[in-house]
Number of protein chains: 2
Amino acid sequence: MGDQIINPSMASSTEENYLKALFNLSNSLGEVNLSELAHGLQVSLPTANSMVKSLQKSGWVNYEKYKPLILTPEGQKEAALIIRKHRLTEMFLVKKMGFGWEEVHEIAEQVEHIHAPKFFQRMDEMLGFPTIDPHGSPIPDNQGRIQEFSYVPLSSCKPGQTVQLTALTNSSTEFLEFLNSRKLALGTQLKVLSREAYDLSLVVSYQNHPQETLSEKVSERLLVRVLD
Amino acid sequence: MGDQIINPSMASSTEENYLKALFNLSNSLGEVNLSELAHGLQVSLPTANSMVKSLQKSGWVNYEKYKPLILTPEGQKEAALIIRKHRLTEMFLVKKMGFGWEEVHEIAEQVEHIHAPKFFQRMDEMLGFPTIDPHGSPIPDNQGRIQEFSYVPLSSCKPGQTVQLTALTNSSTEFLEFLNSRKLALGTQLKVLSREAYDLSLVVSYQNHPQETLSEKVSERLLVRVLD
DNA sequence: CAAATTTGTTAGACCGATCTAACTTATTAC
DNA sequence: GTAATAAGTTAGATCGGTCTAACAAATTTG
Ligand SMILES: [Mn+2]
Ligand SMILES: [Mn+2]
Ligand SMILES: [Mn+2]
Ligand SMILES: [Mn+2]
């Protein structure tokens, strides 16, 4: 009853999730191991194996037995366009619908699979063509091109440095709620006061927080721009 | 990788589309024939038959061999809640995102399957808790209750009557584009000037249109409130 | 009412996405 | 460099959703 037209060359939601996972898990060489993929998607190895073979048939992945997986350029573009929909959605939910940055990932995980170019185009327009999402990740353009930023993890900063929080390497609800509880948001300026040699925790100061200790687990997930 | 949690008692998108179709196709007794269902969903009879058996197992449908299909109260509520999401989405797309009423059905057909109560709750709030969608159909409340209106088809009106267009029985893009071309919108007041006995077409006047002929096919799809 | 037609059912197949069990290849450790 | 371990593959099954072919029941028509 008036459902969407399914183009055979179109990826299913499942395939789209595999492409996204491959994209996000790719190392600097663009390679991913099957077991990382299976782990990332919470499926068994044989499941990932058979899916990868079918993604190869569709031309999204280069697959050779026992070799690491590599997205083809088409696969990369496809993945980037899904990530674009995901991040535009997150931005829309935060900026236009009043959601907190910790609430939007799960919703976007579903909305990203909607096939309606005008819908996302309209979001993009309403948002003024944003280039980053609410967690500081870049939004690919409509050709699937991604602007790369060179941020460094806070964990690599030295005492005395002043930095600005610009992005996160993890956007789980739990982590975001932790940041909320410490009043840490994108844009916050922090000064690194000291590093504890034993557990690599950092003592920082910012705004009304003259002294706050951040574990290594936290500081390695905070990406910053060094200000001086 | 952060995908939605799937509750076993939850209907799949396919099942949701069957429930909606059953709801919309139900006659005054709440009955639907299998062939109507299959036709409405554009699937074969055996496909509809097997799906209906599985909907029965889930407790959404009462099914007996060779008897008409009847949604259970639970099935009705489930269907109404999906229709609620569909219509809220259409309203949101029109009122908050600037889409035309002829563009929104296909998008809503996908968005209705998203499992994110807060998302639709937020739409509802932003829209001020609307009770009708952009095509004049009632939006079920969050308990799945539907407010019934007693509109009559324009085709049943008599020359001399003045009426107001309040809803449509068909919301296909083509029909809505036809209405756009004649500048007919919800709320438009029309006066019935005459009826052609041969083909039952109606001559009406409204706004800057002193004389417009509407075929029976059109006039039976226009629901109106009689003003005098 | 019997024949013709429509409607509904069953059987058996296929495909996508998933699993477990069993096996093979590759990598790591000693 | 072999043995142990990890990673990847194959085989075979299940389940949801779909189909066609063949058949059966119900309804309509003459
Ligand atoms: Mn996200
Ligand atoms: Mn997803
Ligand atoms: Mn609609
Ligand atoms: Mn739908």
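Chain letters run A, B, ... following the sequence lines, proteins first, then strands; residues in each count from 1.
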Nearest atoms (heavy-atom pairs only) where B:S44 meets B:A38: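 Looking at all heavy atoms of both residues, the shortest contact is O-CB, 3.9 Å.
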
From [options], nucleotide with atom closest to [X] side chain:
{"X": "A:S12", "options": "D:dT9, D:dC19, C:dA17", "value": "C:dA17"}
{"X": "B:P46", "options": "D:dC19, C:dG8, C:dT20", "value": "D:dC19"}
{"X": "A:Y66", "options": "C:dG8, C:dA17, C:dT24", "value": "C:dT24"}
{"X": "A:Y18", "options": "C:dT18, C:dA17, D:dC19", "value": "C:dT18"}

DNA chain C contacts among residues 49-56 of chain B, heavy-atom distance under 4.0 Å: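 Here the set is B:N49, B:K53.
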
Output field: ring centroids A:H105/A:H86 closer than 6.0 Å: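 Ring centres of A:H86 and A:H105 closer than 6.0 Å.
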
Tell me which donor-acceptor pairs under 3.5 Å the side chains of residues 143-151 of chain A have, and how far apart each pair is, sequence neighbours excluded?
{"unit_1": "A:R145", "atom_1": "NE", "unit_2": "A:D141", "atom_2": "OD2", "d": "2.7"}
{"unit_1": "A:R145", "atom_1": "NH2", "unit_2": "A:D141", "atom_2": "OD2", "d": "3.1"}

Ignoring hydrogens and angles, state whether a donor on the side chain of A:Q121 or A:D124 is under 3.5 Å from an acceptor on the partner side chain.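 No.
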
Euclidean distance, atom [atom1] of residue [X] to atom [atom2] of [N] [Å, nearest integer]:
{"X": "B:Y63", "N": "C:dT10", "atom1": "OH", "atom2": "C1'", "result": "10 Å"}
{"X": "A:L34", "N": "C:dT25", "atom1": "CG", "atom2": "C1'", "result": "13 Å"}
{"X": "B:K67", "N": "D:dA25", "atom1": "NZ", "atom2": "C1'", "result": "13 Å"}
{"X": "A:L45", "N": "D:dT5", "atom1": "CG", "atom2": "P", "result": "18 Å"}
{"X": "B:N33", "N": "D:dA25", "atom1": "CG", "atom2": "P", "result": "19 Å"}
{"X": "A:E15", "N": "C:dG16", "atom1": "CD", "atom2": "P", "result": "9 Å"}
{"X": "A:Q42", "N": "C:dA17", "atom1": "CD", "atom2": "P", "result": "18 Å"}
{"X": "B:H39", "N": "C:dG8", "atom1": "NE2", "atom2": "P", "result": "13 Å"}

Pick base, sugar-phosphate or nothing for A:S35, based on heavy-atom distances below 4.0 Å to the nucleic acid.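 Answer is sugar-phosphate: A:S35 comes under 4.0 Å of backbone atoms only.
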
Is there a side-chain contact between A:E15 and A:S58, using heavy atoms and a 4.5 Å cut-off?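 Yes, at least one pair of side-chain atoms sits under 4.5 Å.
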
Does some side-chain heavy atom of B:L37 sit less than 4.5 Å from a side-chain heavy atom of B:V52?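 The answer is yes; the side chains approach within 4.5 Å.
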
How long is the straight-line distance from CD of B:E177 back to CH2 of B:W101, given to the nearest 0.5 Å?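 The distance works out to 11.5 Å.
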
Are any of B:S44's side-chain N or O atoms less than 4.0 Å away from OP1 or OP2 of D:dC19?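 Yes, within the criterion.
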
